[in-house]
Amino acid sequence: MKYSELHRLLCKNHCYATGKTRAGHPLWYSPITGKHFTTSHHEKMEVAKGTLQSIKKLAGIN
């Protein structure tokens, strides 16, 4: 899965980018879990398997 696909998935699950950054990475918020998490600006890059699982867990997506 590419970061652009991940961002679409996050938006479909009511997560949103806060407009802020943490260490140069966009900061996202999940109303499902109440947690903030970062992704990457590199839209065309593949998301590493462990990173993808971690982001999905923080976002509350199965």
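Just so we're clear, the structure is a prediction, and the values are computed from it rather than from any experiment. Index from 1, following the sequence.
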- Message: Is it the case that the side chain of Q53 and the backbone of G50 share a donor-acceptor pair, with hydrogens and angles ignored and the cut-off at 3.5 Å?
- Response: no
- Message: Any non-hydrogen side-chain atom of I61 less than 4.5 Å from a side-chain atom of L10?
- Response: yes
- Message: As an exercise, state the distance from OH of Y3 to CD of E46, rounded to the nearest 0.5 Å.
- Response: 10.0 Å
- Same hydrophobic cluster for I32 and L9, using side-chain heavy-atom links shorter than 4.5 Å among ILVMFWY? no
- How would you list, by chain and number, every residue that makes a side-chain contact (heavy atoms from CB on, under 4.5 Å) with S54, sequence neighbours excluded? L58
- Task: Mind checking side-chain contact (heavy atoms from CB on, under 4.5 Å) for K57 and listing every partner two or more places apart, or none if nothing turns up?
- Result: none
- Item | Any residue meeting side-chain contact (heavy atoms from CB on, under 4.5 Å) with L52, in chain and number order, not counting sequence neighbours | M1, L6, V47, K56
Under 3.5 Å, side-chain donor or acceptor atoms of residues 14-28 against the rest of the protein: list the pairs with distances, not counting sequence neighbours.
unit_1, atom_1, unit_2, atom_2, d
T18, OG1, K20, N, 3.3
T18, OG1, L27, O, 3.0
H25, ND1, T39, O, 3.4
W28, NE1, T39, OG1, 3.1

- Message: Once ring pair (Phe, Tyr, Trp, His ring centres under 6.0 Å) is applied, do any residues pair with H42, and if so which ones, sequence neighbours excluded?
- Response: none
- Message: Just to verify, what does E43 make a side chain to side chain donor-acceptor pair (under 3.5 Å) with, not counting sequence neighbours?
- Response: H7
- Do you know which two heavy atoms are closest between Y29 and F37, and how far apart they sit? C-CE2, 4.3 Å
- Item | Point-to-point distance, once rounded to the nearest 0.5 Å, from NZ of K2 to CE of M45 | 10.5 Å
